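As structure tokens, the structure follows; a few thoughts come after it.
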Amino acid sequence: MASIKDVAAGAEVSVATVSRVLNGHPSVRPDTRTRVMAAVEALGYRPNAVARSLRTQQTRTLGLVISDVLNPYFTELARSVEDEARAHGYSVIIGNADEQPALQDHHIRTLVDRRIDGLLVSPTDGGSPLMLDAVRAGVPMVFVDRWIPGVDVPVVRADGREAVRDLVAHLYALGHRRLAIIAGPATTTTGSERVDAFREALREHGLPLPDARIGHGDFQAGSGHREATRLLALAEPPDVIFAADNLMALGAMDAIRAHGLRIPQDIALAAFDDIPWFVHTDPPITAIAQPTGELGRAAVRALIDRLDGREPHSAILPARLVVRRSCGEPPGPVTTAPAGATPAPTTGVRTTPVTTPPAAAPGSTTPPAPPSPAPTPNRSNR
């Protein structure tokens, strides 16, 4: 990242002259001003860029860059961040990356230029030069929900592996054997982690996950519709589609209905990321719920610890399976509480001093358990 010294060298003037040009001082000659501004443009220098944006005074403002503001999960996360920040005397400026790395960097640059005190980020991909520059420059930062392996930043996230394992065991008990997943982008930690957890859980029951039954989505509804359409066209379509987030689940539901199929009579549907209105769909959707509200609150607390000179801690909170009616479950009470409605239980919450976050595990090295006898399915497999 270019510095003011680089600009001075490129324009063959002193640092003081560059400063006068950038501040609009009238004593600078027009030709010198032109030369300095040409160097600024060529080097991409910004007066308040990351390298110069370490806070000199508190603004009592935090920045939050989320992956998709239209996703109800991130909407709930943003609300909890705002509530917790306000309780500590901070305001929050929100940027929506819309799952686009370039837009994510735009928001990070803008927020840093505005001298926010610290950043909360849910990275849209495996990292970008600007974000890594911000980390190296010492901008106080906490990753929430997603993280970048190998980057030394506190991470507050949910651990969905046990919940995915519970979901697969639940589906197996209902008689489902051909399971498919619509995964998120492999460049995101949540995208790769969820498909790894799903594959590992299937292995425990002696079930395969062929490549044809892995859909590659982008955490948005359109990709859920597209990949569900492809899965339904297979010679042996799946018994169950597990969508790795709520928007892809809704897209998959639309595709299933467009094919004239019924949920769960013809095909089952489950989702990662519970949302309040899953209970109002027909049928109500079985989902994995994250403790969204507590994730947001814990992330703010970690960032404020950093700002106040205390050692920030990463936190891993458990997700849980919410059983409803979309997978062939027997009639019974429908669970209505989404993940963000109540705090996560304190039992099972793990906090660790900030260390370099590990890469998502490629899979368990523990030998798979032998397959258990198959129960009698409660519906005909397709």
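Here the structure is a predicted model, which means the values were calculated and not measured.
Not one N or O on the side chain of Arg320 forms a donor-acceptor pair closer than 3.5 Å with the backbone of Glu162. A donor-acceptor distance shorter than 3.5 angstrom exists from the side chain of Ser314 to the backbone of Val155, with no hydrogens or angles considered. Between the Ser122 side chain and the Ser67 main chain, no donor and acceptor come within less than 3.5 Å of each other. At least one donor-acceptor pair under 3.5 Å links the side chain of Arg194 to the backbone N or O of Ala244. In this structure a side-chain-to-backbone donor-acceptor pair under 3.5 Å is present from Thr75 to Val69.
Here the shortest heavy-atom pairing between Phe272 and Phe242 reads N-CE1, 3.6 Å. Contact detail for Ile182 and Gly224: the closest heavy-atom pair is CD1-O, 3.6 Å. Residues Leu202 and Val168 approach most closely at CD2-CG1, 3.8 Å, considering heavy atoms. Taking each heavy atom of Met248 and Asp218 in turn, the nearest pair found is SD-N, 3.8 Å. Scanning all heavy atoms of the two residues, the minimum distance from Arg177 to Tyr172 falls at NH1-O, 3.0 Å.
Residues Ile304 and Tyr90 are in side-chain contact: their nearest non-hydrogen atoms beyond the backbone lie under 4.5 Å apart.
Atoms CZ and OG1, from Phe219 and Thr190 in turn, are 3.5 Å apart once rounded to the nearest 0.5 Å. Rounding to the nearest 0.5 Å gives a distance of 7.0 Å between CZ of Arg213 and CD of Glu236. Here the CZ-NE2 distance, from Arg301 to His313, works out to 13.0 Å after rounding to the nearest 0.5 Å. Rounding to the nearest 0.5 angstrom, the gap separating the CG atom in Leu261 from the CG atom in Leu269 is 12.0 Å. Rounding to the nearest 0.5 Å places CG of Asp117 at 11.5 Å from CG of Leu111. Taking CD1 from Ile288 and CG from Asp245, the interatomic distance works out to 12.0 Å, rounded to the nearest 0.5 Å.
Around atom CZ of Arg165, no more than 12 heavy atoms belonging to other residues, nucleotides or ligands sit under 6.0 Å away. Residue Arg310 qualifies as enclosed at atom CZ: its count of foreign heavy atoms under 6.0 Å is above 12. By the 6.0 Å contact criterion, CD on Gln100 is enclosed, its count of non-hydrogen atoms from other residues, nucleotides or ligands being greater than 12. Other residues, nucleotides and ligands contribute only 12 or fewer heavy atoms inside 6.0 Å of the CZ atom of Arg79.
With no hydrogens or angles considered, a side-chain donor-acceptor pair links Thr124 and Gln104 at under 3.5 Å. A donor atom on one side chain and an acceptor atom on the other are not found under 3.5 Å apart for Arg114 and Thr61. A donor-acceptor contact closer than 3.5 angstrom links the side chains of Ser3 and Asp6. Between the side chains of Thr229 and Arg226, no donor-acceptor pair is found at a separation under 3.5 Å.
Salt bridge annotation for Asp254-Arg257: absent, with no cationic side-chain nitrogen under 4.0 angstrom from a carboxylate oxygen.
Under the 4.5 Å side-chain heavy-atom criterion for Ile, Leu, Val, Met, Phe, Trp and Tyr, Ile148 and Leu103 are members of distinct hydrophobic clusters.
Of the residues listed (Asp145, Asp274, Asp68, Thr292), the one engaging Tyr73 in a side-chain hydrogen bond (donor to acceptor under 3.5 Å, both in side chains) is Asp145, and it is the only one.
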